[in-house]
Every structure is written in C-alpha cells, then in structure tokens.
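One structure is given below, encoded as structure tokens.
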Amino acid sequence: MDKNNNKISRVVIAGGGTAGWIAAAALSKKLGELLDITLVESEAIGTVGVGEASIPPMRVFHRLLGIEERAFMRATGATFKLGIAFENWGREGDRYIHAFGRIGQGSWLCEFHHFWLRARALGMDFALGDFCSELQAAEAGKFATAEKSEINYAYHLDAGAYAKFLRNFSQRLGVRRVEGKIIRVGRNADSGFIEALQLDNGRRIEGDLFIDCTGFRGLLIEEALGTGYEDWSHWLLSDSAVPVQTRVTGPAPPYTRATARGAGWQWRIPLQYRVGNGLVYCSDYLSDDEAAAQLLANIEGEVLTEPKVIRFKTGRRRRAWNKNCIALGLASGFVEPLESTSIHLIITGITRLMQLFPFDGIADATVNHYNALTRTELESIRDFIVLHYHLNERESSAFWRRCRDMEIPQSLAQRIRLFRDNAYAYQGDGELFRVDSWVQVMLGQGLKPQGYHPLTRLMPEAQLAQLLGGLKASIARGVAPLPAHQDFVEGYCAAELAEAVPG
C-alpha cells in the first residue's frame, strides 16, 4: 500500500527520559496546535540517564524551541563544552583535543590543514591547534559567550534534570502525561499498525502515530513490530559501561575527557555540582568486577553512586520508522557515547519527523525517505567512532590490537586512504562531522598524510610563515582576555546546589 489515508492527529509517546521529553517538547512547541500529544511513562521504570555531554547543534534546537540558555543551564547544572580531550588513544602517552571550532582559514580549492602540512614540510613549528580558538580556550580553561559570539560550544548536563526540565516545558504547552507501565501493544489485524497501548492500571491509550522511546528494549518498534536489528559489534567491540558520579574536586574544565584504558575507555564529564565518570569496555577482555575496580581506581572525589553495569549492542534498527511507529533514542539503535552523539540523534530524529509529518496519512515514500536519511546519518557517525579505535599503535593490549587489525567498513577505509594519500577529508551530504573534526581525529590518532594539495606551493614560504604567524597571534589575543570557565559559569548560570546534589 503506497499510502494509508488515515488522518494523523493523536501522537502517543511511549517512554519518558531524555528521548521522550525531547520529542514531546519539540512536537508541542512547533506542532502543538495541530496535534493531541500524550506521553506514557512509569516512575517504576528507570532510564539509562548517563548521556551527559552534547554537541553544538543542541543549541540550534534550543533556539528553535525558545529555550533560554541560562534557565536551561541552571536547571541542569550544566557547564560549557568546547570539545573532547583524547588521552592515550593513538599510543599510550598521546593526547589531543577534538575541538568544536573551525581551524584556520581555507580556500575554496583546499582546506586549511593543507597549508599547515606545507608549513610543517618546510620546517615551521606550528601545531594545528594553534589555529583554533575553541581548542586554545579549552587548553587554557577559559570560556565566555555573548549574544553575537562566534565561539562554537556545547554543554555538559545532568540528563535526568534535563528530562524534568523538558517535562515541565512540554506540560505547560499541553502535553498530557499518563503514568503507567505498558503491558500490551494493540495492533490492527489487517494493517499491522499500532492502535493502542494497554497499561497495567487498566487504561488504554489510543493513537494514530506512536513514538517509541522505551530504550534498548524497543517495546513497540521491536517487540511489537519485529523490525530487526543491524549489529555493528564486530566494528565496535565494547558492549558494556559502568558509570559513577563523584563530588566536584576543583574547577570544571570546558571539555570532556576520554581516556583510553586496557579494554576500552573512561569518560569524565564535569557538571556544576558533580562529575560524571564511567568506563566503556568489552566484556571479552574485562570482567564487570574488574571494570568497576579499574574505574574506581582512576577517579577523583567522593563517590556519590554505586557502580552499575549497563549492557548494550552497537547497531541500529533496520527501520527507524516502521508502519505508524518511529523509534527515537536507544530504541532506534546505539552508537557508543565516545563523541557525545546520543542526544543529537534524538533531536535530529524528531526534527526529521516534524519536517515529514504525515498529517494526511502515512505514505511509503515518506517512510522510506526518513529511513534513508536516518541510516546515512548513523552510518557516518559509526565510521567516525570506529576511526578512533582502528587508528591506534597500542601494543600492550589484545583489545587494541584487535581494533587495529579488524576489517572496517569500506566507507571508512576509503576515507582513510584518501587522507593518507593526499590529506583529503570531506563532509558528505547528511553527515554530522565537519572536515575539521575528521582532520583533528585522523591526525590525533597518528595518521600521517603522504601529500597535500599542490595549490599551497603557489604561496611563497615567507608569505605562508607570515600568514600562519598572524593567525596564531590573532587567536592568542582573542583567548587571552577570556575569564576562567569556572568563574564564567558561576556568574552566568549557577545552579541551585542544594537541590541538585544526590542525597
């Protein structure tokens, strides 16, 4: 059937948490006058709630919804994030920052890093990070923003508090919240479309369109509709995570730390009133008890929560939109949190749905287009994450040797060959990560290009040295007067500490 002509006006969101309330907030703000929106969640069912770092497009989403930055940051204990510091990834002792800002200034024929590579070949002692304001501010522990600021940043935030913030936002706009545990998904006998959710308290919630935000379980998209799952664990070996929260021990740096360990990596995410920590690991190489012990041995500050193991399988639902059900968040798939893309994928998923919303009935062409865009986006993020693991020279660990030696997606293998041969990097249509991101990670992981664009040879050596020296000095002058990140946060958006710290 090319199109189901049933009008769509009743939207039911199954599950709360970050995914559910992002969906509710977006739909109620932008399409609320056209829709009846119900969200079903149970206080008895916990959420994963460890996705506490974001990437810059989140700010665009907040502007779309009219969310005021200071109010959001106060409510979620948020700090600013200029990038991610990767420690011990290429080799033990290595460190680089994947910063959110643009690097230098390129030409229409080639990107800036080609000029930098030319300068390095001529013996000029410039670091690529010298030409990125966000990276220099991160290293200096500085930050400031204003209405017309060009600095590119994201946030560290309390995911549970963010869900509560969006819940209040959504309910003020008319979203109806129903408490209850879903015990059965009712489907139409002919079409297979979902018709209603049966709750444990006897209530029946009917709808025209259903959004599955039930986490890894995928209660609607998988258990009811049998959509299927594409497993990527042969490329992304980690299958477990153990998080803990600790008390703050010092000023919050404006970046996330990702430190490679023997069988995975450890995160450190500084909020205003606590620090989020965790270890992502492969259970083939590390037991749960060993993982918890390793994490606790490598954190600072008083531990506020007990370590709890989370299991996952990297991959994606074969269709994010199946019949009249759209999966968001963990229900749609999972690519581990190395580059903080989880919240972003929820936002792009609901934004895409709003752009294609099937008010007059669900058409195959619409569903197929949504699924194709979702697949392209997720596969490019997958490749970017695999890149970090695959490009390593660590010899002391069987886990890292396996990552280095494994067969990788052909799409990523081609990117690596292009960069190794002539330093060519690109951002494809529908892809999240910009050229600057690919370049920073490829170089940071030790991939050395064998050439660079010949256009750069047209610039005389003295002119190139003057250009780069001037750019470096300009960025240094811009960063120098910025306040310390901690000081700026305290003056701009201080959270209510007494309400926020876990009891």
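As a basis for the values below, the full set of heavy atoms in this structure was taken, side chains included, without hydrogen atoms, waters or symmetry mates. Computed from a predicted structure; not experimentally measured.
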For a side-chain hydrogen bond (donor to acceptor under 3.5 Å, both in side chains) check, start with the C-alpha distance between Q410 and Q414, then their side-chain angles and the critical distance, and finish with the verdict.
CA-CA 6 Å; Q410 284 302 308; Q414 171 68 358; over 6 Å; no
Before giving the answer on side chain to side chain contact (heavy atoms under 4.5 Å, CB included), spell out for D130 and L128 the whole-Å C-alpha distance, their side-chain angles and the decisive distance to 0.1 Å.
CA-CA 5 Å; D130 291 341; L128 187 66; over 6 Å; no
Working note: S54 + H344, criterion side-chain hydrogen bond (donor to acceptor under 3.5 Å, both in side chains); need CA distance, chi angles, decisive distance, verdict.
CA-CA 7 Å; S54 64; H344 172 77; over 6 Å; no
Steps toward side chain to side chain contact (heavy atoms under 4.5 Å, CB included) verdict (D288, R311)
CA-CA 10 Å; D288 296 341; R311 294 274 187 250; 2.5 Å; yes
Walk me through it: do R434 and Q427 pass the test side-chain hydrogen bond (donor to acceptor under 3.5 Å, both in side chains)?
CA-CA 5 Å; R434 302 184 315 201; Q427 180 182 15; 5.9 Å; no
Going through the distances and angles, do E336 and K313 end up as a salt bridge (charged side-chain N to carboxylate O under 4.0 Å, His left out)?
CA-CA 9 Å; E336 64 162 85; K313 180 187 290 185; over 6 Å; no
Check step by step if ring-ring contact (aromatic ring centres under 6.0 Å, His included) holds for W438 and F384.
CA-CA 8 Å; W438 286 97; F384 192 61; 4.9 Å; yes
Which is it for Y255 and F80 under the ring-ring contact (aromatic ring centres under 6.0 Å, His included) test, yes or no, and what are the steps along the way?
CA-CA 7 Å; Y255 56 86; F80 294 98; over 10 Å; no
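Ring orientation note: the planes of F488 and F143 are nearly perpendicular, at an angle over 60° on the 30°/60° scale.
A side-chain donor-acceptor contact under 3.5 Å links E69 and Y155. Checked by atom type, the side-chain pair R317/T227 shows no donor-acceptor distance below 3.5 Å. For the 3.5 Å distance criterion, the side chains of Y285 and R402 qualify, holding a donor opposite an acceptor. Side-chain atoms of K164 and T76 include no donor-acceptor pair closer than 3.5 Å. Judged by distance alone, the side chains of R352 and Q355 never bring a donor and an acceptor atom under 3.5 Å apart. Checking E290 against Q294 by side-chain atom types alone, no donor-acceptor pair falls below 3.5 Å. S411 and D383 share a donor-acceptor pair across their side chains, judged by distance under 3.5 Å alone. For the residue pair S396/E92, the side-chain donor-acceptor check at 3.5 Å is satisfied. Side-chain contact annotation: S287 with D289, donor-acceptor N/O pair under 3.5 Å absent. When only modelled atom types and interatomic distance are considered, H388 and E339 share a side-chain donor-acceptor pair under 3.5 Å. Side chain to side chain, H98 and S437 meet the donor-acceptor criterion of an N or O pair below 3.5 Å.
A 6.0 Å sphere centred on CZ of R177 holds more than 12 heavy atoms belonging to other residues, nucleotides or ligands. The 12-atom threshold is not exceeded at CD of E306, counting heavy atoms of other residues, nucleotides or ligands nearer than 6.0 Å. Heavy atoms of other residues, nucleotides or ligands lying less than 6.0 angstrom from NE2 of H369 number 12 at most. Residue-environment remark: CG (D125) stays at or below the threshold of 12 foreign heavy atoms within 6.0 Å.
Inter-residue side-chain proximity for P254 and K142 is flagged as unmet; no heavy-atom pair is nearer than 4.5 Å. Residues R319 and I221 form no side-chain contact, since every pair of their non-hydrogen atoms from C-beta on lies 4.5 Å or further apart. At least one side-chain heavy atom of T348 sits less than 4.5 Å from a side-chain heavy atom of L345. The shortest distance between side-chain heavy atoms of R268 and E300 falls below 4.5 Å. Within the 4.5 Å cutoff, side-chain heavy atoms of I22 are placed close to those of I350. Contact annotation: the side chain of L237 never approaches that of T314 to less than 4.5 Å [non-hydrogen atoms, C-beta and beyond]. The side-chain heavy atoms of P449 and Y424, taken from C-beta on, include no pair separated by under 4.5 Å. With a 4.5 Å cut-off on side-chain heavy atoms, T246 and E302 do not count as touching.
Rounding to the nearest 0.5 Å places CD of E111 at 12.0 Å from CG of L117. L209 contributes atom CG, which lies 6.0 Å from atom CG of L353 (distance to the nearest 0.5 angstrom). The line from CZ of F334 to CG of D239 is 11.0 Å long, rounded to the nearest 0.5 Å.
Of the options I182, V178, I183, a side chain to side chain contact (heavy atoms under 4.5 Å, CB included) to L197 is made by I182 and by none of the others.
At least one donor-acceptor pair closer than 3.5 Å links the side chain of E134 to the backbone N or O of N152. Checked by atom type and distance alone, the side chain of H114 never pairs as donor or acceptor with a backbone atom of Y452 at under 3.5 Å. Of the possible polar contacts, none joining the S240 side chain to the S283 backbone as a donor-acceptor pair under 3.5 Å is found. Panel note: side chain H113, backbone A423; a donor-acceptor pair is recorded below 3.5 Å. Judged by distance alone, the side chain of T259 and the main-chain N or O of E87 form no donor-acceptor pair under 3.5 Å. At least one donor-acceptor pair under 3.5 Å links the side chain of N88 to the backbone N or O of G93. In this structure, the side chain of R59 does not engage the main chain of A154 through any donor-acceptor pair within 3.5 Å. For the pair T214 (side chain) and G15 (backbone), a donor-acceptor distance under 3.5 Å is absent. At least one donor-acceptor pair under 3.5 Å links the side chain of Q272 to the backbone N or O of A495. A donor-acceptor pair is defined here as one N or O able to donate and one able to accept, closer than 3.5 Å; such a pair exists between the side chain of Q440 and the backbone of D436.
Between R167 and E43 there is a salt bridge, since a side-chain N of the basic residue sits under 4.0 Å from a carboxylate O of the acidic one. Salt bridge status for E52 with R274: present, with a side-chain N to carboxylate O gap under 4.0 Å.
Taking the six-membered ring for Trp and the full ring otherwise, the centers of Y389 and W400 sit less than 6.0 Å from each other.
A cation-pi contact links R382 to W232, judged by a cut-off of 6.0 Å to the six-membered ring centre and 45° from its axis. In this structure, R415 forms a cation-pi arrangement with Y426, its terminal cationic atom sitting closer than 6.0 Å to the ring centre and no more than 45° off the ring axis.
Residues satisfying the side chain to side chain donor-acceptor pair (under 3.5 Å) criterion with R184, sequence neighbours excluded, are absent altogether. The side chain to side chain contact (heavy atoms under 4.5 Å, CB included) search around A258 returns I84, F86, W89, W265, L338, not counting sequence neighbours. Listed by chain and residue number, nothing satisfies the side chain to side chain donor-acceptor pair (under 3.5 Å) test with H485 (two or more places apart in sequence, or in another chain).
The minimum heavy-atom distance between Q445 and Y96, with the atom names listed, is OE1-OH, 2.7 Å. For the pair D212 and G218, the tightest heavy-atom approach, listed with the atom from each and the gap, is OD2-C, 3.4 Å.
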